[in-house]
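Remember, it's 1-based here, ligands and their atoms both numbered in the order they're listed. Side chains included, hydrogens not; waters and symmetry mates left out as well; all remaining heavy atoms used.
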Amino acid sequence: MSPVFEIQGLVKGFNGKTVLDIEHLSIGSKAVTAIIGPSGAGKSTLLSILNGLMKADVGSLIFEGQDMIEGVKLGDPLRRSMAMVFQNPVMFQGTVYDNIAYSLKIRKAPENDIKEKVNEILELIGLKHIALQKAGTISGGEAQRIALARAMVFRPKVLLLDEPTASLDPANVMQIEKLIVHAKKEFGTSVILVTHNMFQARRLADYTVFMLNGNIVESGDNERIFTNPANEKTKAFISGEMVY
Ligand SMILES: Nc1ncnc2c1ncn2[C@@H]1O[C@H](COP(=O)(O)OP(=O)(O)OP(=O)(O)O)[C@@H](O)[C@H]1O
């Protein structure tokens, strides 16, 4: 696997308490990587560091040959090539169409390109019929799909998803999963998915990373992690037997 991210000796603490301590981690390019682990394991903190939203205390994080820990600013093209979707996405003002078009507008895409790509993705998420509805009036499931569409429409190199289907009904979950597969297959996006849903991780991921107490316990090929984990703790966690 050729890595999209390469992490070495990465440590992050809050108020003197270490919450992330990763010796080494490679994340596969143009693949879906699931990050699993109990609450508080450090999964969201890791996503925020990958995205450059948060800075690690020490360590290196190589993305596209550049160290992201040192000196990658907000408007940097490297950060602009990534997108992140949170559990409860915020809709911007304007219509559903405006919300999705926003990502392309700030990247100065030509108007006809914006139209074509937004309409294509609206079709894909099954929300073409509400394109002109005010984004503030839509349901939670629709908002989550729109947030993912907004993140995907500019064909990011990296898509970071923090529990994108938590609290959604099965039909919406299916739609979101379809989009994730589309991003990987059609856009060649590297997707990093934090999920508490083991079935989802198993269905979608090519690679899985199991985190516990800020450490990587085990990572590797999805099939192997789920059928033949090397570590007892991984086994206990994925089978629901871990007490923590
Ligand atoms: N801004 C912050 N200030 C202080 N502590 C924080 C901060 N952000 C995270 N933490 C702590 O870091 C640890 C890891 O949190 P994180 O949100 O990364 O875990 P997680 O694995 O994503 O959990 P969950 O599955 O519940 O979302 C937790 O103990 C949390 O309380």
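Under a 3.5 Å cut-off, the side chain of Lys157 and the backbone N or O of Arg80 do not form any donor-acceptor pair.
Near ligand 1, heavy-atom contacts under 4.0 Å come from Phe14, Lys17, Val19, Pro38, Ser39, Gly40, Ala41, Gly42, Lys43, Ser44, Thr45, Glu163, His196.
Asp162 and Ser44 share a side-chain donor-acceptor pair at under 3.5 Å. One side chain, Thr95 or Asp98, offers a donor N or O that lies under 3.5 Å from an acceptor on the other.
The shortest distance between side-chain heavy atoms of Lys178 and Arg145 does not fall below 4.5 Å. Side-chain atoms of Val158 and Leu50, non-hydrogen and from C-beta on, never get closer than 4.5 Å to each other. Under the 4.5 Å side-chain criterion, counting only non-hydrogen atoms from C-beta, Met91 is in contact with Arg150.
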